[in-house]
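Presented below is the structure to which this report refers.
Each residue takes its place number in the sequence, starting with 1.
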Amino acid sequence: MSSLKLSTSLGRVSAAVAAFLAPAIAFAQETAPAAAEAVAAAPVPDKGDTTWMLVSSALVLLMTVPGLALFYGGLVRTKNMLSVLMQVLMIAAVAMIIWVVYGYSMAFTAGGSLNSFVGGFSKLFLAGVDTTTVVETFSKGVVIPELAFVIFQMTFAAITPGLIVGAFAERVKFSAVILFTILWLTFIYFPIAHMVWFWGGPSLYADPSGLIFGFGAIDFAGGTVVHINAGIAGLVGCLMIGKRTGFGKDMMAPHSMTLTMVGASLLWVGWFGFNAGSNLEANAYAALAMINTFVAAAAAVISWSVVETFTRGKASILGAVSGAVAGLVVITPAAGFVGPMGAIVMGLVVSPICYFFVSTVKNKFGYDDTADVFGVHCIGGILGALLTGVFVNPALGGAGIVDYSTADFAAGYAGTAAQVWSQFKGVLVTLLWSGIGSAILYKIVDVIIGLRVTVEAEREGLDLSSHGEAAYHS
């Protein structure tokens, strides 16, 4: 009898609890599908895009070490081989640390009242960046992991200051190179990257953008950010540091064209990550950037060799690899914007112009640009930026300028004059910002620790005087 009463009491309690919880259960049933729909609606990175970005990042690192290091190393004298390798390697390492500490934040976050010129510090030490955060690509609703984007852009920051050292190789202090790199990344590279590449993305296209992006200038993979930026800084550096001891009197021929060829080849392979990776997605536009990287460099190799044959009577391997680099430089800002035929034209045009600067202009003015950083990277970058404005025209096989304010992201073209003017403004800002800013930074470094090694150290060679080791032993 008592058990029956207990059973009856429990039944009443259960009924009361069920009646009390019924609204909550019903609410949970209603909100669960809504939450599931919200999760389903959140964009998820495609594994193919993510893989491509990680591979591209590794390819850009290959451009730097060993590519750029060997390319420059072969161009200097035997006694300075290791110094160039060490400078490029250490620059890359320093840049990577600075990038994750504050560089990414300065380049790719909103900068408030200074947003036209530089970002802020909201992502200092990669705050808020983890395995769950994503960034939008150039397609609305398409994302990649933010860490993948951080890594990819980090490799750009690592190679760009490394390009500069080729202009004043064989006579600069190692400590001066590192201090200058830290200052240059902070006050020149990060702001230029922000000015050219920072915007809201396809979903927030109306948000404030960087200054040069706001001009309507387009730079697919770094014609302004990397090549013009580094090239003009290199020219300023070689002018302020001065010529190598014995320049014009002593034999200063490259000590190993074999290594330079190896370095140039690695640069070309790595450049596919540099250019095609800048598409941020593994799709047809990445393929467009890749084929343009093939044919522009190929055309420039041929063009440089033809020019040398007519002017010198012989085509050289130094000229051929210089042409390859010039072709890669000129197509960088245009890689995903122009058609393959336009890329070939750009490659054919760039070599004669760069050849004129490295052979005639340099000799005329007498500056000692050891690895022709200005003549190839800056001049090639300027030409590439301007010609991008021409060959992006759909009538010439280009992809057109995407209008993100339209529902279907229609691509149009405002006209050659309008687009080239936008490109020119971007080039001018980069030249002024980097040229003037770099001059100030060189002076600061010179005052603090001095830029140049002693004449005795230079004659001995930087391998021994700066690092206490030699590249070769007989």
Side-chain angles (χ1 to χ4, degrees), residues 103 106-108 111 113-119 156-157 159-168 180-199 208-241 329-330 332-334 353-354 357 361-362 365 367 369 372-389 417-446 451:
M106 286 183 66
F108 289 104
S113 60
L114 295 176
N115 188 69
S116 291
F117 304 100
V118 70
F156 279 58
I159 192 172
T160 305
L163 293 172
I164 301 173
V165 301
F168 44 73
F180 176 77
T181 295
I182 296 170
L183 295 174
W184 192 83
L185 284 168
T186 304
F187 295 103
I188 308 298
Y189 181 83
F190 299 151
I192 290 291
H194 180 88
M195 285 188 246
V196 174
W197 284 332
F198 181 76
W199 65 305
S209 63
L211 179 69
I212 295 174
F213 189 95
F215 291 157
I218 53 175
D219 183 353
F220 194 79
T224 49
V225 179
V226 176
H227 298 293
I228 299 175
N229 201 8
I232 190 64
L235 176 65
V236 172
C238 76
L239 290 174
M240 293 184 67
I241 294 169
V329 169
V330 79
T332 292
I353 294 174
C354 288
F357 271 86
V361 174
K362 185 168 77 168
F365 291 95
Y367 56 87
D369 182 352
D372 292 318
V373 176
F374 174 73
V376 174
H377 290 277
C378 190
I379 298 302
I382 291 171
L383 184 65
L386 297 178
L387 290 182
T388 298
Q419 191 58 45
V420 170
W421 175 243
S422 297
Q423 301 296 111
F424 175 78
K425 289 192 290 184
V427 168
L428 184 62
V429 169
T430 304
L431 288 171
L432 292 175
W433 187 282
S434 184
I436 297 172
S438 296
I440 296 171
L441 297 181
Y442 282 121
K443 187 61 179 177
I444 291 173
V445 173
D446 194 33
L451 285 168

Exercise for the section: Under the side chain to side chain contact (heavy atoms under 4.5 Å, CB included) rule, what do Phe190 and Phe108 come out as? Steps first, then yes or no, please. Expected result: CA-CA 9 Å; Phe190 299 151; Phe108 289 104; over 6 Å; no
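Under the 3.5 Å distance criterion, the side-chain polar atoms of Trp433 are matched with a main-chain donor or acceptor of Phe187. Not a single donor-acceptor pair under 3.5 Å links the side chain of His227 to the backbone N or O of Gly381. Remark: the backbone N or O of Ile218 is paired with a side-chain donor or acceptor of Gln423 at under 3.5 angstrom.
For the salt bridge (Lys or Arg N to Asp or Glu O under 4.0 Å) condition, the pairs that include at least one residue of residues 372-382, sequence neighbours left out, are Lys362-Asp372.
Judged as a ring pair (Phe, Tyr, Trp, His ring centres under 6.0 Å), and not counting sequence neighbours, the contacts of Phe213 are Trp199. Listed by chain and residue number, Trp184 satisfy the side chain to side chain donor-acceptor pair (under 3.5 Å) test with Ser438 (two or more places apart in sequence, or in another chain). The side-chain contact (heavy atoms from CB on, under 4.5 Å) search around Val196 returns Ile192, Ile212, Asp219, Thr224, Val225, not counting sequence neighbours. Qualifying side-chain contact (heavy atoms from CB on, under 4.5 Å) partners for Phe374, counting only residues two or more places apart in sequence or in other chains: Ile232, Leu235, Phe357, Tyr367, Asp369, Cys378, Ile379. Under the rule for a ring pair (Phe, Tyr, Trp, His ring centres under 6.0 Å), Tyr189 has no partner lying at least two apart in sequence or in another chain. The side-chain contact (heavy atoms from CB on, under 4.5 Å) check on Ser116 picks up Leu211, with sequence neighbours excluded. With sequence neighbours excluded, the residues that form a side-chain contact (heavy atoms from CB on, under 4.5 Å) with Ala334 are Ile331, Val338, Met346, Thr388.
Under the side-chain contact (heavy atoms from CB on, under 4.5 Å) test applied with Tyr442, the options Leu183, Leu451, Leu239 reduce to a single match, Leu451.
Counting only N and O atoms by type, the side chains of Asn229 and Thr430 include no donor and acceptor under 3.5 Å apart.
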